[in-house]
Colleague: 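Here you go, one structure.
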Number of protein chains: 2
Amino acid sequence: MLPETTLADVARAAGVSVSTASRALAGAAVVATATRERVRRAAVELGYEPNLAARQLVTGQGQAIALVLPDIANPFYAGVAKGMQQRVRAEGLTAVFADTDEDPRTERSVLAQMAPVAARLVLASPRLDDDAIREVAARARVVLVNREADGLPAVTGDNADGVRQALVHLHALGHRRVGYAGGPATSWSDAARRRGLAAAPPGLEVVDLGAFRPGAGGGVQAADLALAAGVTAVLAFNDQLALGVLGRLADRGVAVPDRLSVVGFDDIPVARLLAPSLTSVAVPAGELGRTAVELLLDGERPEPGLRTLPVELQVRRSTGEPAR
Amino acid sequence: MLPETTLADVARAAGVSVSTASRALAGAAVVATATRERVRRAAVELGYEPNLAARQLVTGQGQAIALVLPDIANPFYAGVAKGMQQRVRAEGLTAVFADTDEDPRTERSVLAQMAPVAARLVLASPRLDDDAIREVAARARVVLVNREADGLPAVTGDNADGVRQALVHLHALGHRRVGYAGGPATSWSDAARRRGLAAAPPGLEVVDLGAFRPGAGGGVQAADLALAAGVTAVLAFNDQLALGVLGRLADRGVAVPDRLSVVGFDDIPVARLLAPSLTSVAVPAGELGRTAVELLLDGERPEPGLRTLPVELQVRRSTGEPAR
DNA sequence: CACCGCCATGCAAGCGTTTGCAGGCTGGGG
DNA sequence: CCCCAGCCTGCAAACGCTTGCATGGCGGTG
């Protein structure tokens, strides 16, 4: 255990009292500029690192930044976690995370548990209702990822535009009847993506295949429904679902894209690696995480409002012209 | 902000002093059993939650449990993270994590950053050298995942047995010449898996295809080398690599498993969903995470030694009889 | 019956920081 | 030249907990 240098050491080195040192480092306007500089230099020289536990004890606010997400095993959220964590670490802070297993009750208990340790959190939990979220936001700084709640800052991919890009692509290939395999009804991003469906190019009919659990199992069901519905292409709520669709189609011997085209959403890393590779709307997951942290970092409560990051359709082998 | 109940409240309710209350809750043998019970009851009734910041301030040890892993976007490590986090949360603690991007230097700086916040950590970083690890272990309780260092507790899947199972399976199918697409030379688990190669069934020749970066890019190279080497099956260091192999084979129009069988390692969730689905050695990632935390939880420094969890080959479509 | 010793408890210090409040110094105006 | 105002700075308390040390009371033994 090295002899950690404390604020007292810095103060002594700078020839001021501990309180002045504290204020100087906090950037309080009340300290004279010369003094502040002196203290800052001393702090750097001594390699001073504030003791976060002590700070938390008096302020009552944890310094860590928390990430609450529904499922870290979902590569999309893993991407968000990665970006978030990189930014947090660059700031010298630590990232704590909690996986809620897609369960709203767990989400609530997790939030309670996070309260003492982190006063800033990134919520990427699509299931929690608005009231619960606002309750949390009253005690901590919150940035939402992939959902919206008014009065709170949020970061998301441009869902509607992603859907639009996908539909335009399919329409251009000649598809006229496309199925949408939706995500859970409670999911904000599913709602957002559905809004994009309204902007379908003229002449393109979109068939709602229903709401599915965002895992491979859901995709299996969706595949069968798609075939029954007589569509020539399927747009899936996310890549996990699309993977299930592809798997089921392979099992049933349905050729992709010859008989049915498939488009995913999120563009998780494996999408490129499948055979056939999956056409998917790339959402910058890492960027979402980084941006969320960014909003949490600067100054006071971040301004409410939705930051929409651009998404980009990645065309691959799973889409092609429809069979005549 | 609710009026948090403090240790002083508990002490008052139980009619003892703060110090006694502290000792009672800590389970110190020195307090009379009756007193301890009284204090405990009072704590439960009042819903007392210790202020971790205060505790950390005096003990100098963080209460969180940290997970250091090379890449959270790798589904295998995501699984470890998930299991680890579940167990940690069940204990009422928080999990902090850091992604080192497979970079040994980042690994070191991350460890330094973790020191003040967590006195117990799970290290799933295959790259760090033994000395660096032991240095960390001197200041904190450490459990390793998927690697070994003597004097330290470790949890890992049964790598050698997994390789053995895979080879036996391939041999049974009729393969006589199998390529091994290895992971990075610095990876402990690659070394462990290579040891399993020695136990190849008699009559089965194993060709070392080399060391590859454990991503899809590595798999592409490995696929071409496998074809050049004239093997009838490839065993990949992990599923990511196997995915790359499958993708490249599909591109080159090589039929799987008819012309070449492919076996992965880890059994990440997508393995089931591929077409063809990937035969893979299932390593219980979540279980590894949970077990590691378990070791960290009970009592004192966990006993050194390697806990080996069983693995199980999942036979799927990517393996079949070799072409004659 | 008296003394000693030990066990259970309480007292108080201290962990490193923030922050309300008091006080000193400087400079300008009367 | 003196006084006052204002700007900086320092003092000290407080955050909730752990822990070394002192103390009180009890039982056992001579």
Side-chain angles (χ1 to χ4, degrees), chain A residues 1-43 46-64 92-93 115-117 119 139 300, chain B residues 1-43 46-64 92-93 115-117 119 139 300:
Chain A
M1 215 44 81
L2 304 176
E4 285 299 324
T5 83
T6 106
L7 189 53
D9 298 329
V10 175
R12 200 172 317 120
V16 299
S17 76
V18 191
S19 20
T20 303
S22 171
R23 285 187 273 253
L25 294 177
V30 64
V31 286
T33 317
T35 315
R36 179 169 30 210
E37 276 318 305
R38 196 149 31 94
V39 173
R40 291 216 167 134
R41 241 188 322 269
L46 297 178
Y48 168 70
E49 288 292 338
N51 180 322
L52 298 183
R55 178 179 296 172
Q56 171 169 359
L57 181 57
V58 41
T59 63
Q61 305 237 311
Q63 301 299 308
L93 300 174
V117 32
R139 339 236 256 94
E300 283 317 291
Chain B
M1 215 43 82
L2 305 177
E4 286 299 324
T5 82
T6 109
L7 189 53
D9 299 328
V10 175
R12 199 172 319 119
V16 298
S17 76
V18 191
S19 20
T20 303
S22 171
R23 285 188 271 252
L25 294 177
V30 64
V31 285
T33 318
T35 315
R36 178 167 34 210
E37 276 318 305
R38 195 149 32 93
V39 172
R40 291 216 166 134
R41 242 190 320 271
L46 297 178
Y48 168 71
E49 289 291 338
N51 181 322
L52 298 184
R55 179 177 297 172
Q56 171 169 0
L57 182 55
V58 41
T59 62
Q61 303 238 311
Q63 299 300 306
L93 299 174
V117 31
R139 337 236 258 94
E300 284 316 293

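Chain letters run A, B, ... following the sequence lines, proteins first and then strands; every chain starts at 1. These numbers come from the heavy atoms of this one structure, side chains and all, not from hydrogens, waters or symmetry mates. All values reported here derive from a predicted model rather than from experimental measurement.
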Colleague: Go through the structure and list residues passing side chain to side chain contact (heavy atoms under 4.5 Å, CB included) with Ala14(B), not counting sequence neighbours.
Modeller: Val16(B), Arg38(B), Val39(B), Ala42(B)

Colleague: What does the list of N/O pairs under 3.5 Å between the protein and nucleotides 23-27 of chain D look like, with a distance for each?
Modeller:
none

Colleague: Give the rounded distance in Å between these two atoms: CG of Leu25(A) and C1' of dT19(C).
Modeller: 15 Å

Colleague: Please report, rounded to the nearest Å, how far the P atom of dT18(D) is from the CG atom of Leu52(B).
Modeller: 10 Å

Colleague: Between atom CD of Gln56(A) and atom CG of Leu52(B), what is the distance when rounded to the nearest 0.5 Å?
Modeller: 8.0 Å

Colleague: With sequence neighbours left out, what residues match Arg40(B) under side chain to side chain contact (heavy atoms under 4.5 Å, CB included)?
Modeller: Leu25(B), Arg36(B), Glu37(B)

Colleague: Considering just the side-chain nitrogens and oxygens of Thr59(B), establish if one lies under 4.0 Å of OP1 or OP2 belonging to dC17(D).
Modeller: no

Colleague: Would you kindly give the CD-to-C1' distance between Glu37(A) and dT9(D), to the nearest whole Å?
Modeller: 17 Å

Colleague: Work out how much the helix from dC1(C)-dG30(D) to dG30(C)-dC1(D) bends between its end axes, five pairs an end, to the nearest 10 degrees.
Modeller: 60°

Colleague: In whole Å, I'd like the distance from the CZ atom of Arg55(A) to the P atom of dG16(D).
Modeller: 18 Å

Colleague: I'd like to compare against my own output: the B/S/- annotation of nucleotides 5-15 of chain C with a strict under-4.0 Å heavy-atom distance to protein.
Modeller: ---SBBBB--B

Colleague: Atom CD of Glu49(A) and atom C1' of dG16(C): how far apart are they, to the nearest Å?
Modeller: 14 Å

Colleague: For Ser19(A), enumerate each residue passing the side chain to side chain contact (heavy atoms under 4.5 Å, CB included) test, keeping only those at least two apart in sequence or located in another chain.
Modeller: Ser17(A), Arg23(A)

Colleague: Separation of Gln56(A) atom CD from dG16(C) atom C1', in whole Å?
Modeller: 13 Å

Colleague: To the nearest angstrom, how far is Tyr48(B) atom OH from dG16(D) atom C1'?
Modeller: 7 Å

Colleague: With sequence neighbours excluded, what pairs up with Arg12(A) under the salt bridge (charged side-chain N to carboxylate O under 4.0 Å, His left out) test?
Modeller: Asp9(A)

Colleague: Report the residues that fulfil side chain to side chain contact (heavy atoms under 4.5 Å, CB included) with Ala115(A), sequence neighbours left out, ordered by chain and then residue number.
Modeller: none

